[in-house]
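Numbered from 1 within each chain, the chains take letters A, B, ... in sequence-line order.
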Protein chains: 2
Amino acid sequence: MAAVVFDTVKIRATVALVTDRYHHGDLRRALIGAAVEAIAESGPSALSLRAVAKRAGVSHAAPAHHFGDKAGLLTAVAAEGYDRFADALERAWEATGDFVEVGVAYVRFAIDNKAYFETMFRPELLHEDDPDLQRAEARSNAALVRGAGEQRPDAAFNAEALGAWSLVHGFAGLFLGGNFPPAVQADPEAALREIARRVRFGE
Amino acid sequence: MAAVVFDTVKIRATVALVTDRYHHGDLRRALIGAAVEAIAESGPSALSLRAVAKRAGVSHAAPAHHFGDKAGLLTAVAAEGYDRFADALERAWEATGDFVEVGVAYVRFAIDNKAYFETMFRPELLHEDDPDLQRAEARSNAALVRGAGEQRPDAAFNAEALGAWSLVHGFAGLFLGGNFPPAVQADPEAALREIARRVRFGE
DNA sequence: ACGTCCAACTTGACACTGTCAAGACTAGGG
DNA sequence: CCCTAGTCTTGACAGTGTCAAGTTGGACGT
């Protein structure tokens with residue numbers, strides 16, 4: 001009997017996540033989700049706090065209460081994005097141990113998670129000093145470096161890794177902007193693999 | 001005597017460019033200039049038409065009169081940017097005939113003309129169907145292709161050119177976002193040349 | 001020389017935005 | 001059972017883009 005009661009409590013707590021009680025339950029999460037939806041539709045710079053609030057079914061000032069200001073909400077989105085990004089890169093490296101596959105995962109993430117990706121790389125919209133953001137950013141940087149190989153001890157930077165990073169990042173950005181010819185826009189992953197086949201790193 | 005009068009007229013017309021008469025003379029130009037300044041300070045998405053108007057010393061609705069709406073002003077900025085961009089790429093190709101130098105010019109333009117560059121590659125802020133924009137965009141694409149070499153007739157796209165384009169575009173974007181290690185941020189051109197030395201295109 | 005037309009620009013208004021202060025509500029601990 | 005602390009709402013304010021209606025003044029035909 002006690003078990004049954006306990007279950008009921010759990011169910012009510014779960015239901016509270018999507019219900020419209022005064023105390024929402026996990027409004028913070030819901031707001032981030034609503035923000036991601038809105039960003040996916042019209043980009044991070046067009047995000048409206050009031051529209052996000054409406055989407056989540058709360059009052060217009062609720063988002064600011066949780067995130068301080070608009071940049072705070074976008075920062076939370078970016079931080080979550082970097083975390084998912086790091087996950088994706090780590091998965092790719094662990095599954096294949098292949099340099100190129102990490103690059104493919106980079107681009108695939110950008111395409112499949114346009115909203116996160118576009119928010120992550122727009123520093124003028126974020127609170128760059130936010131500790132959560134910095135932690136998540138560091139995670140994804142580490143995952144990236146891990147997939148890019150060793151750095152020679154005498155160099156100030158790893159030129160091969162920087163080149164590869166630039167390539168996949170630029171590819172993703174140009175693709176999302178619709179700047180490529182139709183054949184590439186139609187199947188970006190095939191195009192990227194074709195490029196990878198034709199590019200050699202190292203002198 | 002007639003010549004003197006004519007000169008005076010010309011002088012008055014020139015002065016009108018910077019003066020505060022009711023009919024400005026070339027307000028369109030002045031507004032674009034003010035917009036570029038404002039964008040350089042805080043990015044294209046933070047642009048305020050009213051702030052641009054104030055900077056140019058005209059009423060708050062003057063920009064909308066000339067450009068239709070905010071996206072119209074940004075489109076004009078982007079079009080001018082693409083034109084200057086095409087100029088820079090053409091110059092680099094004609095001066096050196098070197099593939100790599102066109103890439104360097106690409107990145108150098110992005111860094112030296114942050115405001116233009118960031119506006120150009122933000123399609124959600126622009127009127128992409130604007131004929132002036134399309135013309136200027138086509139010009140810079142042509143200049144880019146010219147520097148990237150021939151395309152094999154059997155391929156749907158030029159993989160080497162796309163790879164090089166992605167690389168320089170990504171490098172520029174990451175640099176502008178401040179994502180690189182300090183040594184690279186301090187001297188991006190040297191870093192880019194180092195990368196170019198270590199990357200080989202073609203199988 | 002002069003009136004008339006028309007593009008350039010202004011004025012005023014509206015709905016919408018982010019942000020802030022003050023208040024209403026409620027879950028959880030004493 | 002109340003009281004507190006955190007969650008969310010309400011109401012207000014200045015600033016924004018956009019539109020309609022007004023003013024201004026240069027150019028052009030007569």
Side-chain angles (χ1 to χ4, degrees), chain A residues 8-10 12-32 34-35 38-39 41-77 124-127, chain B residues 5-6 8-32 34-35 38-39 42-77 124-127:
Chain A
T8 308
V9 170
K10 274 186 85 174
R12 295 197 69 236
T14 304
V15 166
L17 296 181
V18 289
T19 205
D20 56 342
R21 305 181 314 167
Y22 195 101
H23 282 57
H24 183 287
D26 200 353
L27 182 53
R28 192 188 148 86
R29 268 243 87 62
L31 288 171
I32 292 180
I39 294 169
E41 287 168 18
S42 31
S45 48
L47 184 74
S48 149
L49 286 185
R50 293 173 110 107
V52 168
K54 191 168 287 181
R55 210 183 274 259
V58 292
S59 84
H60 63 103
H65 175 261
H66 276 275
F67 300 99
D69 57 3
K70 184 155 128 176
L73 172 53
L74 286 166
T75 300
V77 170
E124 79 275 15
L125 301 179
L126 310 177
H127 289 142
Chain B
V5 171
F6 184 59
T8 308
V9 170
K10 273 186 82 172
I11 287 164
R12 294 197 70 235
T14 305
V15 166
L17 294 181
V18 289
T19 206
D20 56 344
R21 305 182 315 165
Y22 195 101
H23 284 57
H24 184 286
D26 199 355
L27 182 53
R28 194 188 147 86
R29 266 244 87 61
L31 287 171
I32 293 180
I39 294 169
S42 31
S45 49
L47 184 74
S48 150
L49 286 185
R50 293 173 109 106
V52 168
K54 191 168 288 181
R55 213 184 273 258
V58 291
S59 85
H60 63 102
H65 175 262
H66 276 274
F67 300 99
D69 56 2
K70 184 156 130 177
L73 173 53
L74 285 166
T75 300
V77 170
E124 80 275 14
L125 301 179
L126 309 177
H127 288 143

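If you check every strand for non-hydrogen atoms under 4.0 Å, A/Leu47 touches sugar and phosphate atoms only. Using a 4.0 Å heavy-atom distance criterion, B/Ala61 is classed as a base contact.
Atoms NE2 (B/His127) and C1' (D/dT18) sit 12 Å apart, rounded to a whole Å. Straight-line distance from the NE2 atom of A/His65 to the P atom of D/dT10: 15 Å, rounded to whole Å. Rounded to a whole Å, the NZ atom of B/Lys54 is 12 Å from the C1' atom of D/dT16. Whole-Å rounding puts the A/Lys70 NZ to D/dG15 C1' distance at 13 Å. When the P atom of D/dT9 is taken as reference, atom CG of A/Leu31 falls 10 Å away, rounded to whole Å. We find that CG of B/Leu27 is positioned 5 Å from P of C/dC9, with the value rounded to whole Å. Following rounding to the nearest Å, B/Phe67 (CZ) and C/dC9 (C1') show an atom-to-atom distance of 14 Å. In this structure, B/Asp26 atom CG and D/dG26 atom P are separated by 16 Å, rounded to whole Å.
Taking NZ from A/Lys54 and CG from A/Leu49, the interatomic distance works out to 13.0 Å, rounded to the nearest 0.5 Å. Rounded to the nearest 0.5 angstrom, A/Leu31 CG and A/His65 NE2 are separated by 11.5 Å. Rounded to the nearest 0.5 angstrom, B/Thr75 OG1 and B/Leu126 CG are separated by 4.5 Å.
A donor-acceptor contact under 3.5 Å is not formed by the side chain of B/Arg50 with the base of D/dG15.
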What verdict does the side chain to side chain donor-acceptor pair (under 3.5 Å) test give for B/Arg28 and B/His66, after you've listed the backbone C-alpha separation in whole Å, the side-chain angles of each residue and the deciding distance to 0.1 Å?
CA-CA 7 Å; B/Arg28 194 188 147 86; B/His66 276 274; 5.8 Å; no

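At D/dC8, one or more side-chain N or O atoms of A/His66 fall inside 4.0 Å of OP1 or OP2 (strictly under the cut-off). Proximity of B/Ser48 to the phosphate of D/dG15: no side-chain N or O atom is located under 4.0 Å from OP1 or OP2.
Distance from the side chain of B/Leu49 is smallest for D/dG17 among the nucleotides D/dT10, D/dG17, D/dC8.
Residue-environment remark: CZ (A/Arg55) exceeds the threshold of 12 foreign heavy atoms within 6.0 Å.
Between B/His60 and B/Arg28, the residue anchored closer to the 5' end of DNA chain C is B/Arg28, taking for each the nucleotide with the nearest heavy atom.
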